[in-house]
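Computed from a predicted model, the values in this text were never measured in an experiment. Naming: A, B, ... by sequence-line order, numbering from 1 per chain.
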Amino acid sequence: MELVEEDRYRFRIAREGDMRVPGVVFATRGLLADAEKSLAQVVHVATLPGIVAASYAMPDIHWGYGFPIGGVAATAVDEGGVVSPGGVGFDISCGVRLLAADCDRAELAPALEEVMDVLGRTVPRGAGPGGVWRLTGPGQLERLLRGGSRYAVEEGHGEERDLARCEDGGAVADADAGQVGPRARERGLGQVGSLGSANHFLEVQQVAEVYDPPAADAFGIAAGQVCVMIHCGSRGLGHQICTDHVRAMDRAMARYGIRVPDRQLACTPVDSPEGRAYLGAMAAAANYGRANRQLLTDAARRAFGRVAGRRLSLVYDVSHNLAKIETHEVAGRRRRLCVHRKGATRAFPPGHPDLPEDLRAVGQPVLIPGTMGTASYVLAGVAGGGAFFSTCHGAGRRMSRHEAARKVSGSQLRARLAQDGIAARPLSWRGLAEEAPEAYKDVGEVVAASEGAGLCRIVARLVPLGVVKG
DNA sequence: ATGTCC
């Protein structure tokens with residue numbers, strides 16, 4: 001496949017064959033080494049009915065189920081555009097929340113090990129059931145699927161101010177719990193308020209460097225400040241919803257005359273019973289993911305309060321695995337689009353009406369989880385953001401889990417992190433090894449390419465002080 | 001990502 005370099009950070013895959021739009025890849029040549037399989041997925045996505053503008057890829061693109069991770073695709077709702085669960089991913093509403101503590105690193109230092117011990121004991125994690133909340137019955141799950149973070153706050157697990165700093169105010173209204181199947185419910189009941197495993201984490205971090213002081217100031221973070229970053233999703237509930245609706249769409253697709261180059265791209269029109277059912281269930285899972293992060297926030301606040309007498313205030317909460325109905329101008333026309341972001345973060349520009357008032361002047365905070373040994377970033381949305389106001393979501397893997405586990409010893413990694421002043425609380429050595437910093441690309445390179453491509457601007461770099469891993 | 005294969 002030919003990748004035409006349009007400028008240093010933007011490449012084009014010309015339209016050919018069944019492609020309805022070209023591919024546009026924001027990256028550097030270096031970041032695209034070994035990206036052949038995921039670029040083929042960019043081409044596959046370009047064939048979807050109703051897709052507009054381009055099949056986009058972010059600088060942290062890598063291979064995923066059907067769509068690439070780091071993919072953005074918008075379809076025109078009123079022109080037969082489709083929705084595809086593969087364009088959201090299995091971990092619906094996986095996302096990141098950043099909390100800022102009322103202290104700097106030196107002030108927390110004497111209490112850090114104990115804070116990490118308490119977090120290690122009180123943050124539920126790992127595969128399978130177990131969470132902060134034990135739901136009392138189906139009615140409570142129903143309210144949670146509709147109310148998201150808002151419901152968790154109503155039940156006493158947070159502050160009203162938290163909701164203003166959550167994407168969509170902590171919950172979307174179009175959740176349809178009736179489209180969440182019995183198995184998804186069953187899996188979700190016992191996992192509310194848990195990290196999960198793999199790349200999910202809770203980290204205590206320090207703001208190492210501020211690049212955009214006015215934006216950092218508006219976000220409520222400053223150099224040296226201690227932060228807590230939570231990266232998790234909708235656990236088994238989201239996974240089961242994806243499984244159920246992929247199956248339903250796979251069966252229904254032919255009735256709509258839709259053919260896709262890869263069965264993993266199963267889709268139906270947004271405006272079809274199957275499309276609406278998926279989007280309703282997906283929104284419910286999105287609310288579940290938000291409640292999940294709200295409850296983990298509560299657990300982190302309790303640990304910080306009890307051990308160190310410190311408070312945590314919410315900077316922002318944003319997902320990087322969602323599809324949303326948004327209105328954008330395409331080719332001079334305002335159109336209602338279904339924007340799929342999979343491993344891509346929404347990044348609203350300054351002035352956007354959906355941003356809370358105190359952030360509107362600087363743009364939406366974008367939270368980029370890096371690795372436990374290097375850094376994470378806070379970015380901000382910019383005007384003109386070239387892919388329906390989307391940017392990267394993380395470092396992107398360089399090694400497979402298998403390769404990382406083979407090359408890295410978990411116990412040696414923990415010792416190495418400790419030498420660097422990072423207190424790790426892993427659940428298993430294997431899990432830690434799979435997430436070793438060297439298993440990932442350089443997150444600094446990813447965010448630099450994202451900024452260079454005009455998708456966002458870099459606000460601050462955060463470095464880990466302690467990590468709780470599933 | 002995921003009760004890592006109903």
Check the distance between dT4(B)'s C1' and E434(A)'s CD and give it to me in whole angstrom. 10 Å
E435(A) CD to dT4(B) C1': how many Å, rounded? 14 Å
For R397(A) and for R247(A), locate the closest nucleotide of DNA chain B by heavy-atom distance; then report the residue assigned to the nucleotide nearer the 5' terminus. R397(A)
Could you tell me whether a side-chain N or O of R235(A) sits under 3.5 Å from a main-chain N or O of L237(A), the two making a donor and an acceptor? no
Sorted by chain and number, sequence neighbours left out, salt bridge (charged side-chain N to carboxylate O under 4.0 Å, His left out) with K324(A) holds for E167(A), D168(A)
Rounded off to whole Å, could you give me the NE2-to-P distance for the H200(A) and dT4(B) pair? 16 Å
Basic-acidic side-chain contact under 4.0 Å: E435(A), R397(A): yes
Regarding G233(A), tell me which of base, sugar-phosphate or nothing describes its non-hydrogen contacts under 4.0 Å with the strands shown. nothing
Residues, nucleotides or ligands: over 12 heavy atoms within 6.0 Å of R134(A) CZ: no
May I ask you to verify if any side-chain N or O of S197(A) is less than 4.0 angstrom from the OP1 or OP2 atom of dT2(B)? yes
Quick one, which residues of residues 86-93 of chain A touch DNA chain B with a heavy atom under 4.0 Å? F90(A), D91(A)
Specify the separation, in whole Å, of atom CG of N292(A) and atom C1' of dT2(B). 14 Å
How are the rings of H62(A) and H393(A) set to each other: parallel, tilted or perpendicular (split at 30° and 60°)? parallel
In whole angstrom, give the distance that lies between atom CG of N321(A) and atom C1' of dT2(B). 13 Å
In whole angstroms, the gap separating P of dT2(B) from CD of Q264(A) amounts to 18 Å
Which part of the nucleic acid does Q191(A) contact within heavy-atom distance under 4.0 Å: base, sugar-phosphate only, or nothing? sugar-phosphate
Please state how far atom CG in D244(A) lies from atom P in dT2(B), giving the value in whole angstrom units. 16 Å
Is a salt bridge present between R301(A) and E159(A), judged by a nitrogen-to-oxygen distance below 4.0 Å? yes
Among V246(A), V82(A), V83(A), which residue meets the side-chain contact (heavy atoms from CB on, under 4.5 Å) test with C267(A)? V82(A)
Could you check how far CZ of R401(A) sits from P of dT4(B), rounded to whole Å? 14 Å
Any base atoms under 4.0 Å from R430(A), or only sugar-phosphate, or nothing? Heavy atoms, all strands. nothing
